2 protein chains.
Amino acid sequence: MLLKVGDLAKRCGLTVRTLHHYDSIGLLKPSARSDSGYRLYNRADISRLHQIQALRRFGLSLADIGNILANPGLNLATIVERQIEALDQQIAQSQALRDRLSGLQLQLMRGEEPELADWLTTLEMMTMYDKYFSANDLKRLPLLDIDENSTAGEWAALVQAVHEAMRAGIEPDSDEAQALATQWIGMLERDTQGDPRLLVKLNAMMYGEPTVQAKTGVTPELVAYIRQAFIETKLTIYEKYLAPDEFSFMREHYGQRADEWPPLIAAIRQHREDGTPPNDSRMQQLARTWLELFRAYAGDNPETHAKIRAANQAEPYLFFGTFIDQPLLAYVFQAMAELRQGPLPGSGVA
Amino acid sequence: MLLKVGDLAKRCGLTVRTLHHYDSIGLLKPSARSDSGYRLYNRADISRLHQIQALRRFGLSLADIGNILANPGLNLATIVERQIEALDQQIAQSQALRDRLSGLQLQLMRGEEPELADWLTTLEMMTMYDKYFSANDLKRLPLLDIDENSTAGEWAALVQAVHEAMRAGIEPDSDEAQALATQWIGMLERDTQGDPRLLVKLNAMMYGEPTVQAKTGVTPELVAYIRQAFIETKLTIYEKYLAPDEFSFMREHYGQRADEWPPLIAAIRQHREDGTPPNDSRMQQLARTWLELFRAYAGDNPETHAKIRAANQAEPYLFFGTFIDQPLLAYVFQAMAELRQGPLPGSGVA
DNA sequence: CTTGACCCTGACGCAACGTCACGCTCTATG
DNA sequence: CATAGAGCGTGACGTTGCGTCAGGGTCAAG
């Protein structure tokens with residue numbers, strides 16, 4: 001009972017081409033050929049083909065099947081187990097993708113189907129955010145909300161306003177600029193839920209992605225402008241507490257190392273949440289950095305430090321936008337207290 | 001701000017080759033080239049690449065992405081919906097496969113890890129069964145159980161015994177052969193749960209798959225032998241109720257159209273379950289077929305019919321292995337009663 | 001001037017076949 | 001017996017999304 005390719009194909013529900021393929025890769029070679037070169041399959045061949053089909057149904061590759069049939073010493077249980085693992089992983093992946101998509105779909109249904117171009121921009125931003133933020137972070141960031149007249153809309157309007165102020169030549173130390181800066185910082189603290197780590201990531205993204213700068217309009221110049229204006233709001237307060245020479249030193253240096261503060265505060269917050277003890281060497285190092293940054297704008301005079309401490313205690317606004325809260329401050333002070341065992345002078349913050 | 005491929009690749013977490021590929025298929029062509037032929041990407045290019053990455057994350061093919069970016073008139077909601085559908089289907093498939101595999105794994109763990117060769121045979125049989133039986137059928141068929149000393153083992157032993165009887169030249173009308181046949185039919189009725197449809201499918205498989213015949217040892221000759229022996233068990237009984245000439249006619253014709261009964265009974269059972277009314281034209285046709293098959297072995301004499309009816313009522317064994325139960329019989333009688341309005345004679349069965 | 005890091009194009013490889021194209025073989029029919 | 005049509009054979013290219021050489025220019029630093 002010898003079958004030709006077509007017959008075998010029909011019987012097994014395959015195509016002739018498939019059998020040709022199996023032949024060419026050596027998976028199933030017909031045990032005989034007719035005089036005219038026709039492939040002839042006998043019962044053993046058919047049986048092997050059935051086995052191949054059985055294994056295929058388990059999602060095995062032809063190569064794997066070849067190996068299995070080649071050395072019957074292999075353990076089927078292991079094979080099956082591996083297949084299941086692979087499948088599980090694949091299913092999980094697809095499921096995750098599906099979730100993302102239906103999340104998007106939800107947003108699509110809520111909105112009024114804006115232009116595809118807008119959507120692409122949004123998608124682009126979303127992937128960008130994905131690069132910088134964890135899934136956890138993203139849940140807490142309301143910046144990505146599609147809804148126009150919500151957070152995203154607020155920011156767009158504010159960015160717009162700042163740009164206009166800059167174009168109009170309004171100085172950063174003007175009241176108007178300071179008001180914008182205060183609003184900016186307030187929204188920033190609100191939308192990051194006061195978490196300095198999110199702030200750091202946001203800064204990194206803004207710094208690292210010119211595309212984001214272009215899309216949002218938040219250029220480095222704009223950031224510099226806001227920062228300068230915000231610094232002015234603080235300096236105005238400190239001026240009342242310091243002697244003229246002290247204040248002129250501070251004005252000179254206050255903003256200079258300003259971008260080093262957020263990463264520092266973020267790191268400290270992380271340690272606090274992780275339960276790192278204040279006398280841990282890493283925390284000690286961070287405390288030293290803190291003091292260094294402090295003295296960079298406060299100078300080395302303990303008397304000046306005392307005045308600054310007084311200001312900080314009298315004026316709660318001075319902590320506004322610093323992402324520093326009382327628990328964090330207390331934690332840092334503990335670390336500094338440990339430090340003080342050493343040769344370093346006291347903290348100037350409070 | 002123009003980037004070279006390597007720079008862009010790094011910034012976007014892709015490989016240079018990927019960008020080359022996108023270029024070659026026209027998905028992302030750098031807007032400029034340096035004098036030496038280096039690809040130079042500007043902000044617009046980078047933005048487009050970001051969009052591409054965003055869409056890729058949704059599992060779209062590069063071709064699809066090209067289309068979407070080409071005509072912004074397309075509806076994103078539709079795209080997303082289609083993607084979700086495709087994903088759902090894929091997940092369902094993988095899940096089904098996973099279920100099959102873990103079912104197999106269960107069996108593997110229960111058994112004592114037999115030879116791979118045995119496993120391949122079993123797998124082969126399983127796929128074969130899959131071709132003929134629905135998932136629902138398979139749940140009801142215990143024949144596939146791997147466990148050696150269960151159903152499958154019983155059958156193997158019985159097949160073995162029948163083969164030996166045949167080799168030993170034992171006649172089908174001998175007591176020994178009849179005993180084997182009775183056991184055979186009993187197991188058949190048990191393992192198909194008395195469902196004639198399963199019996200029909202089983203017959204089709206045995207008839208259509210020489211491979212199954214080879215693996216199980218259930219050859220057409222063996223089936224014929226069993227059938228003949230089983231017929232003898234019935235004839236022995238009928239003999240007591242019939243005149244010699246009636247009986248010799250019956251002996252002549254009783255088995256001749258025996259294989260037409262199971263499909264008929266299966267069809268009737270299906271109709272009964274579907275709620276087809278007995279006077280439905282299809283049921284009428286089946287009733288006519290029934291009568292035709294009956295008269296094929298009973299002859300046309302109403303007196304003989306009456307004797308057969310008497311025998312059927314007196315000897316319950318005559319229904320053994322027929323896959324006919326009382327509800328089915330009653331249903332057929334209803335159909336025949338409708339028929340009798342016409343020119344045909346009455347049923348002979350009861 | 002050389003060296004190493006980048007860049008270019010071109011081409012093959014993978015997985016599992018689908019889909020021609022061209023030519024030979026077999027079988028049934030006129 | 002000739003012929004038509006179905007079936008068979010062997011290439012060979014296409015698909016998807018790149019990875020991986022190979023062979024050869026370009027550029028900035030030492």
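All values derive from a computational prediction rather than experimental measurement. Protein chains get the first letters and strands the later ones, always in sequence-line order, with residue 1 at the start of each.
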Would you say that [X] contacts [Y] through its side chain, given a criterion of any heavy-atom pair below 4.5 Å between the two side chains?
X	Y	value
A:M206	A:V223	no
B:L55	B:I68	yes
B:L40	B:S31	no
A:Q95	A:R98	yes
B:L222	B:T219	yes
B:L19	B:R39	no

- Axis-to-axis angle across the helix from C:dC1-D:dG30 to C:dG30-D:dC1, five pairs an end, to 10 degrees? 40°

I need the [atom1]-[atom2] distance between [X] and [N], as an integer number of Å.
X	N	atom1	atom2	result
A:D7	C:dC26	CG	P	14 Å
A:R39	C:dC24	CZ	C1'	14 Å
B:L19	D:dG19	CG	P	10 Å
A:L2	D:dC8	CG	P	14 Å
A:L8	D:dG9	CG	P	11 Å
B:L62	D:dG14	CG	C1'	16 Å
A:D23	D:dG9	CG	P	9 Å
B:L60	D:dC18	CG	P	13 Å

- Message: Looking only at the side chain of B:V16 (C-beta and beyond, no hydrogens), which of the listed nucleotides C:dC7, D:dG7, D:dC18 gets closest?
- Response: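 Closest nucleotide to the B:V16 side chain: C:dC7.
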
- Message: The side chain of B:T18 is closest to which nucleotide in this list: C:dA16, D:dC8, D:dG19?
- Response: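 From the listed options, D:dG19 comes nearest.
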
- Comparing B:G6 and A:S61 on DNA chain C - which has the more 5′ nearest nucleotide: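 Closer to the 5' end of DNA chain C: B:G6.
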
- Message: Is it true that, when you exclude A:R43 itself, more than 12 heavy atoms of the residues, nucleotides or ligands shown sit nearer than 6.0 Å to its CZ?
- Response: no

- Item | N/O (side chain, A:H20) to phosphate O (OP1/OP2, C:dC17) under 4.0 Å | no

- Check whether any side-chain nitrogen or oxygen of A:T15 sits under 4.0 Å from OP1 or OP2 of C:dC17, and answer yes or no. no

- Stepwise, does the side chain to side chain contact (heavy atoms under 4.5 Å, CB included) test hold for A:H21 with A:I25? CA-CA 6 Å; A:H21 184 56; A:I25 64 172; 3.8 Å; yes

- With the threshold set at 4.0 Å, does a side-chain nitrogen-carboxylate oxygen contact exist between B:R33 and B:D23?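 Answer for the salt bridge query: yes.
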
- Just by protein heavy atoms under 4.0 Å, how would nucleotides 20-27 of chain D read 5' to 3' in B, S and -? B----BBS

